[in-house]
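For reference, the structure is listed below as structure tokens.
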There are 2 protein chains.
Amino acid sequence: MGVMEDGTLASARHTDVADPAPGGRDTTSCEIRDLLDRLADKWSLLVIELLGTGTHRFTELHREIDEISQRMLTLTLRHLERDGLVTRTVHPVVPPRVDYTLTDLGRSLLVAIEGLVWWTRAHRDEIAAARSGYDARRESSA
Amino acid sequence: MGVMEDGTLASARHTDVADPAPGGRDTTSCEIRDLLDRLADKWSLLVIELLGTGTHRFTELHREIDEISQRMLTLTLRHLERDGLVTRTVHPVVPPRVDYTLTDLGRSLLVAIEGLVWWTRAHRDEIAAARSGYDARRESSA
DNA sequence: CGGCATCCTAAGGGATACTG
DNA sequence: CAGTATCCCTTAGGATGCCG
């Protein structure tokens, strides 16, 4: 979100001046919205996680994710670059070589993300169980 | 994303048996995908965060988010319920009263999420700066 | 190699109306 | 009150082709 199809970048489409009722809770909502708008797309976290390993060039990332389309990889990287999470370095050689690295900011985010990854890993089974339980209950009342 | 329009629930549409090259990294990718598929939609995190405060009934949640449509709130709650993150309690009274609460699993997730919220809060300014910097650079080369 | 630009579809999600 | 059902539009994002 933020990167437009035409290549321009939306600065602030959904009014940043929201929060008509300034209460602690509303502020948090706003922060979460920001967060989601930044990372809740299909690929950002994946790319960040990969770059956590170190510098990668475009094609490497593309190979390592490979379900991603070239277009979306580009878009995602631009997005992350804009937010100051990754650095894009173009080497003036032929054939061109472009490296992507996490910035300090990006690395700090990675730490927070790892928490969630850890959680997922730890509770994967519980979730699977909850799901099949739910589905079973639904099916029986069909 | 899991919840279909017709009310049924997709059990496993994007093949869960992926990971053709079993390496530590691919597994992580898979976990992140799971994670994203679960809460990277527009509202889940927001609802979880709200329920972190305690039990809420449907209308309360609707009022507190209020940009959300009734439809999406329902869908989101069903989704979270299915994953075992929230409990839905129907009180047999008229007018009906339905309470939503975080399960233990949900609360444990909340902790992980808070880490991200904290990160967002802490780095909000840096991101804003990075953005305007990026946009400015773009504009100057127009 | 590392991209844009274009086209096009499928999914997400809002608005509205109806119901127990 | 707490939903469901329907309609419809907007967006994400895949496929493909061209370019420095």
Side-chain angles (χ1 to χ4, degrees), chain A residues 1-10 13-14 33 36-47 55-81 86-100 138 141-142, chain B residues 1-10 13-14 33 36-47 55-81 86-100 138 141-142:
Chain A
M1 203 100 33
V3 182
M4 312 298 284
E5 287 294 13
D6 61 8
T8 63
L9 293 155
R13 263 189 321 182
H14 70 100
R33 269 265 63 81
L36 287 173
D37 290 346
R38 186 157 316 106
L39 310 168
D41 59 279
K42 211 173 171 188
W43 306 110
S44 293
L45 261 69
L46 232 33
V47 171
T55 300
H56 285 65
R57 47 191 300 186
F58 188 87
T59 317
E60 286 173 359
L61 290 171
H62 199 180
R63 252 200 316 276
E64 305 205 71
I65 309 195
D66 95 318
E67 323 94 59
I68 198 176
S69 64
Q70 202 176 28
R71 173 184 137 84
M72 284 319 292
L73 182 54
T74 305
L75 246 41
T76 303
L77 286 167
R78 290 291 171 285
H79 187 179
L80 296 175
E81 188 194 358
V86 311
T87 310
R88 176 170 181 267
T89 314
V90 185
H91 298 92
V93 296
V94 295
R97 174 196 179 92
V98 181
D99 285 339
Y100 291 95
R138 286 238 126 195
S141 66
Chain B
M1 212 162 301
V3 182
M4 313 297 283
E5 287 292 12
D6 62 8
T8 64
L9 292 156
R13 262 188 322 182
H14 70 100
R33 270 265 61 81
L36 288 172
D37 290 346
R38 184 154 319 105
L39 27 97
D41 60 279
K42 212 173 170 188
W43 306 110
S44 293
L45 261 67
L46 233 31
V47 171
T55 300
H56 285 66
R57 47 191 300 185
F58 188 87
T59 316
E60 287 173 359
L61 290 170
H62 200 181
R63 251 200 318 275
E64 305 204 71
I65 309 196
D66 94 320
E67 323 95 58
I68 198 176
S69 64
Q70 201 176 28
R71 172 185 137 85
M72 284 317 294
L73 181 54
T74 305
L75 246 40
T76 302
L77 286 168
R78 290 289 173 285
H79 187 179
L80 296 175
E81 188 194 358
V86 311
T87 311
R88 177 170 180 268
T89 315
V90 184
H91 298 92
V93 297
V94 293
R97 174 197 180 94
V98 181
D99 285 340
Y100 291 94
R138 286 237 124 195
S141 66

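Residue numbers start from 1 in every chain, and the chains themselves are labelled A, B, ... in the order their sequence lines are given, proteins ahead of strands.
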#### Entry: Interatomic distance, B:His79 NE2 vs C:dG12 C1' [rounded to whole Å]
13 Å
### Query
Can A:Arg97 and A:Phe58 be said to form a side-chain contact (heavy atoms from CB on, under 4.5 Å), step by step?
CA-CA 8 Å; A:Arg97 174 196 179 92; A:Phe58 188 87; over 6 Å; no
### Message
Without decimals, in angstroms, what is the distance between B:Asp41 CG and C:dG14 C1'?
### Response
15 Å
### Task
Ignoring the backbone of B:Arg78, work out which of C:dG3, D:dT4, D:dG13 is nearest its side chain.
D:dT4
### Backbone of B:Arg57 reached by a side-chain donor or acceptor of B:Glu60 within 3.5 Å
yes
### Query
Is the side chain of A:Arg33 donor-acceptor paired with the backbone N or O of B:Trp43 at a distance under 3.5 Å, no angle test?
no
### Task
Would you kindly give the CD-to-P distance between B:Gln70 and D:dT4, to the nearest whole Å?
10 Å
### Task
For B:Leu75 and C:dG13, give me the distance from atom CG to atom P, rounded to whole Å.
9 Å
### Spacing between B:His62 atom NE2 and C:dA15 atom C1', to the nearest angstrom
11 Å
### Task
Indicate yes or no for a side-chain donor-acceptor contact from B:His91 to the backbone of B:Val98 under 3.5 Å, with no hydrogens or angles considered.
no
### Query
Is the phosphate of C:dG3, meaning OP1 or OP2, less than 4.0 Å from a side-chain N or O of A:Tyr100?
yes
### Task
Kindly point out which of C:dG14, C:dG3, D:dG3 is positioned nearest to the side chain of B:Thr74?
D:dG3
### Query
Considering only side-chain heavy atoms of B:Phe58, which listed nucleotide, C:dG3, D:dG14, D:dG3, is closest?
D:dG3
### Query
Which is it for A:Thr87 and A:Tyr100 under the side-chain contact (heavy atoms from CB on, under 4.5 Å) test, yes or no, and what are the steps along the way?
CA-CA 6 Å; A:Thr87 310; A:Tyr100 291 95; over 6 Å; no
#### Entry: Interatomic distance, A:Leu73 CG vs D:dA15 C1' [rounded to whole Å]
16 Å
### Query
Can you check the B:Asp99 CG to D:dG3 C1' distance for me, whole Å?
15 Å
### Query
Hey, where does DNA chain D pair up into stems, meaning at least three consecutive Watson-Crick or G-U pairs with distances under 3.5 Å?
C:2-20 with D:1-19
### Summary
Regarding the side chain of B:Val98, the nearest nucleotide among D:dC1, C:dG14, D:dG3 is D:dG3
### Task
Give a yes or no on whether the backbone of B:Ser44 and the side-chain of B:His79 come within a donor-acceptor separation of less than 3.5 Å.
no
### Task
Respond yes when some side-chain nitrogen or oxygen of B:Lys42 is under 4.0 Å from OP1 or OP2 of C:dG14, and no when none is.
yes
### Message
By nearest heavy atom, map A:Ile68 and A:Pro96 onto DNA chain D; which one lands nearer the 5' end?
### Response
A:Ile68
### Task
Considering just the side-chain nitrogens and oxygens of B:Arg71, establish if one lies under 4.0 Å of OP1 or OP2 belonging to C:dG12.
no
### Task
Report the C-alpha separation of A:Glu64 and A:His56 in whole Å, then their side-chain angles, then the decisive distance to 0.1 Å, and conclude whether the side-chain contact (heavy atoms from CB on, under 4.5 Å) test is met.
CA-CA 10 Å; A:Glu64 305 205 71; A:His56 285 65; 2.8 Å; yes
### Task
Please determine, for the side chain of A:Arg57, which listed nucleotide (C:dC1, D:dG3, C:dG3) has the closest atom?
C:dC1
#### Entry: Atom-to-atom span, CZ of B:Arg138 to C1' of C:dC4 - whole angstrom
10 Å
